[in-house]
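See below for the structure under consideration.
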Amino acid sequence: MKALTIGDLKARIPIIQGGMGVGISLSGLASAVANEGGIGVISAAGLGLLYKKLSPNYTEAGNLGLAEEIRKARERAKGIIGVNVMVALSDFAELVKTSIAEKVDIIFSGAGLPLDLPSFLKKDSVTKLVPIVSSARAVRIICEKWKNNYDYLPDAVVLEGPKAGGHLGYKENQLEDEHFSLEELLPQVVAEVSHFEQKYDKKIPVIAAGGIYTGEDIKRMIDLGASGVQLGTRFVTTKECDASEAFKESYIHAEEKDIEIIKSPVGMPGRAIHCNFLEKVKQGIKQPKVCPFNCIKTCDISRSPYCIVTALYNAFKGNFENGYAFAGSNAWRARRIMSVRETISELIDEWKSKM
């Protein structure tokens, strides 16, 4: 596998571990992936719940928690550490500022278009900015806005296809439409990006994400023009993943029929593993009366059947009566829990076997 170069950063292997909240990818998983030569990513979502002891204020606790996770990852890892900050988060700006102040290597940002992301950089900032998109059009809009407003272009771009876990940047009727498959979209995004690369003489690697599970998948994406890949689901069933054992076991025990598309309170479709909680939601369990966190801009408490950050936090702890696990389309393929080192070694072997 060729190294993945993003600006002056060089990952020995072209594998990025996707950011997974709430609490699924923290410093434990991110540092383990970084130490193996990939790019480890901490999810900034919901840290206000995990670090509530640090402050009674959800936003402040989240920021303090994020700084703590970045420092922990730095202590444990020699490699590249990123943070995933969703545009949809109410405390998006604060989390971005914290990431840059802590000199994290890369900010990955999706769940909306991060049109003002470069505005947070200072003259001495070292953090690279990588938007997560679902179309060539989104790439064009971001590149034009960033260039016109901030004289900045993305340091790389992640194209996340419709087979990803968690919130999806597609309409429900597009999820099975082959015109929106990663294989169809990737060459379009690579072509769009190359236009900006040539015009401004800057290398912008395209990273493929969503439903990539094997070394064979990685090779297919590289052959289609990707410079690297992002995997989330495959890293959940690792010893170093920060989730509870019960969360990991939900992947191990899942069958293909258990992976379902849900309507999230944030107004996007999501992919998750079926459980008792989701069954109760379908039957119309009581909605929350108040919103304790105001964590997501698009969440309307008057229409929400449940609080999403609480549900995901409960799942992170292994409580599936009051929460559920987000997962990619291939989560059912997980058979055992192994180390990050074994996982990456397996991916490389699978990739080699297709050469």
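Here the straight-line distance linking atom OG of Ser250 with atom CD of Glu245 works out to 11.0 Å at 0.5 Å rounding. Here the straight-line distance linking atom CD1 of Ile259 with atom CD1 of Ile273 works out to 4.5 Å at 0.5 Å rounding.
For Glu342 and Ser339, the side-chain atoms include at least one donor-acceptor pair closer than 3.5 Å. With hydrogens and angles left out, the side-chain atoms of Asn63 and Thr98 include a donor and acceptor closer than 3.5 Å. With hydrogens and angles left out, the side-chain atoms of Asn276 and Glu321 include a donor and acceptor closer than 3.5 Å.
Annotation for Ala208 and Leu182: closest pair CB-CD2, 4.3 Å, computed over non-hydrogen atoms. In this structure, Gly65 and Leu47 approach most closely via the heavy-atom pair C-CD1, 4.2 Å. Contact detail for Ala73 and Ser31: the closest heavy-atom pair is O-CB, 3.9 Å. What you find for Gln230 and Gln17 is that their closest heavy atoms are CG-C, 4.4 Å. Nearest heavy-atom pair, Ser99 versus Val83, reported as atom, atom and distance to 0.1 Å: OG-CG1, 3.7 Å. Closest non-hydrogen pair, Lys52 versus Ala61, comes out as CA-CB, 4.2 Å.
Glu216 places none of its side-chain heavy atoms less than 4.5 Å from the side chain of Glu350. Counting heavy atoms from C-beta on, the side chains of Lys282 and His274 come closer than 4.5 Å. Counting only heavy atoms from C-beta outward, the side chains of Tyr58 and Val309 approach each other to under 4.5 Å. Contact of the Asp91 side chain with the Glu94 side chain is registered, since non-hydrogen atoms from C-beta on lie closer than 4.5 Å. Between Thr214 and Ile218, every side-chain heavy-atom pair lies at or beyond the 4.5 Å cut-off. Considering only heavy atoms from C-beta on, Met20 comes within 4.5 Å of Val236 through its side chain. Pro131 has its side chain within reach of Pro154: a pair of non-hydrogen atoms, C-beta onward, lies under 4.5 Å apart. Residues Leu50 and Leu26 meet the side-chain proximity criterion, which asks for heavy atoms closer than 4.5 Å.
Checking side-chain atoms of Ser227 against main-chain N and O of Pro205 turns up no donor-acceptor pair under 3.5 Å. Of the possible polar contacts, one joining the Trp146 side chain to the Pro114 backbone as a donor-acceptor pair under 3.5 Å is found. Of the possible donor and acceptor atoms, one in the side chain of Asn330 sits under 3.5 Å from a partner among the backbone N and O of Gly211. Although no hydrogens or angles enter the test, the distance criterion places no donor-acceptor pair under 3.5 Å between the side chain of Arg137 and the main chain of Ser134. With hydrogens and angles disregarded, no donor-acceptor distance shorter than 3.5 Å links the side chain of Gln174 to the backbone of Phe180. Of the possible polar contacts, one joining the Ser244 side chain to the Phe316 backbone as a donor-acceptor pair under 3.5 Å is found. The main-chain N or O of Gly19 is never found under 3.5 Å from a side-chain atom of Ser43 such that the two would form a donor-acceptor pair. Listed for the Asp155 side chain is no donor-acceptor partner under 3.5 Å among the backbone atoms of Ile204. A distance-only check finds a donor-acceptor pair linking the side chain of Lys248 to the backbone of Thr238 [under 3.5 Å]. Proximity of a side-chain donor or acceptor of Ser125 to a complementary backbone N or O of Thr127 within less than 3.5 Å is not detected.
For Glu75, there are no salt bridge (Lys or Arg N to Asp or Glu O under 4.0 Å) partners two or more places apart in sequence or in a different chain.
The salt bridge (charged side-chain N to carboxylate O under 4.0 Å, His left out) test with Asp105 is passed by exactly one of Lys78, Arg74, Lys10, Lys128: Arg74. Tested against Ser27, the residues Lys72, Glu240, Arg71, Glu69 include a single side-chain hydrogen bond (donor to acceptor under 3.5 Å, both in side chains) partner, Glu69.
The number of heavy-atom neighbours closer than 6.0 Å to NZ of Lys163, taken from other residues, nucleotides and ligands shown, is 12 or below. Counting non-hydrogen atoms of other residues, nucleotides and ligands closer than 6.0 Å to NZ of Lys203 gives a total above 12. Heavy atoms of other residues, nucleotides or ligands lying less than 6.0 angstrom from CD of Glu144 number more than 12. Counting heavy atoms of neighbouring residues, nucleotides and ligands inside a 6.0 Å radius, atom NZ of Lys53 does not exceed 12 of them. Crowding of Arg341 atom CZ: a count of heavy atoms from other residues, nucleotides or ligands under 6.0 Å not exceeding 12. For Asp349, the CG atom sits in a packed shell: over 12 heavy atoms of surrounding residues, nucleotides or ligands are nearer than 6.0 Å.
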Check: Could you go step by step and tell me if Asp223 and Arg220 meet the salt bridge (charged side-chain N to carboxylate O under 4.0 Å, His left out) rule?
Finding: CA-CA 5 Å; Asp223 289 347; Arg220 200 170 68 252; over 6 Å; no
Next item on the list: Please lay out, stage by stage, how Val96 and Phe92 fare under the test side-chain contact (heavy atoms from CB on, under 4.5 Å).
Entry: CA-CA 6 Å; Val96 167; Phe92 170 77; 3.7 Å; yes
Margin query: Run the side-chain contact (heavy atoms from CB on, under 4.5 Å) test on Ile207 and Val157 for me, step by step, so that the C-alpha distance in whole Å, both residues' side-chain angles and the decisive distance to 0.1 Å come before the verdict.
Written below: CA-CA 6 Å; Ile207 293 134; Val157 169; over 6 Å; no
Next item on the list: Apply salt bridge (charged side-chain N to carboxylate O under 4.0 Å, His left out) to Glu260 and Arg271, showing your working.
Entry: CA-CA 6 Å; Glu260 64 177 316; Arg271 184 174 276 107; over 6 Å; no
Next item on the list: Apply the test side-chain contact (heavy atoms from CB on, under 4.5 Å) to residues Ile42 and Leu66: give CA-CA distance (whole Å), side-chain angles for both, the deciding distance (0.1 Å), then the verdict.
Entry: CA-CA 8 Å; Ile42 296 161; Leu66 178 57; 4.2 Å; yes
Next item on the list: Mind running side-chain contact (heavy atoms from CB on, under 4.5 Å) on Leu186 and Met221 for me, showing each step along the way?
Entry: CA-CA 8 Å; Leu186 182 56; Met221 293 303 140; 3.8 Å; yes
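Between Phe277 and Tyr324, the ring planes lie parallel to each other; the angle is under 30°, not in the 30° to 60° tilted range.
Following chains of ILVMFWY side-chain contacts shorter than 4.5 Å, one can reach Ile261 starting from Trp332, so the two form part of one hydrophobic cluster. Cluster membership check: Phe108 does not share its hydrophobic cluster with Val85, using side-chain heavy-atom separations under 4.5 Å among Ile, Leu, Val, Met, Phe, Trp and Tyr. Cluster membership check: Ile107 does not share its hydrophobic cluster with Ile80, using side-chain heavy-atom separations under 4.5 Å among Ile, Leu, Val, Met, Phe, Trp and Tyr.
Taking the centre and axis of the six-membered ring of Tyr152, the NZ or CZ atom of Lys202 falls inside the cone set by 45° and 6.0 Å.
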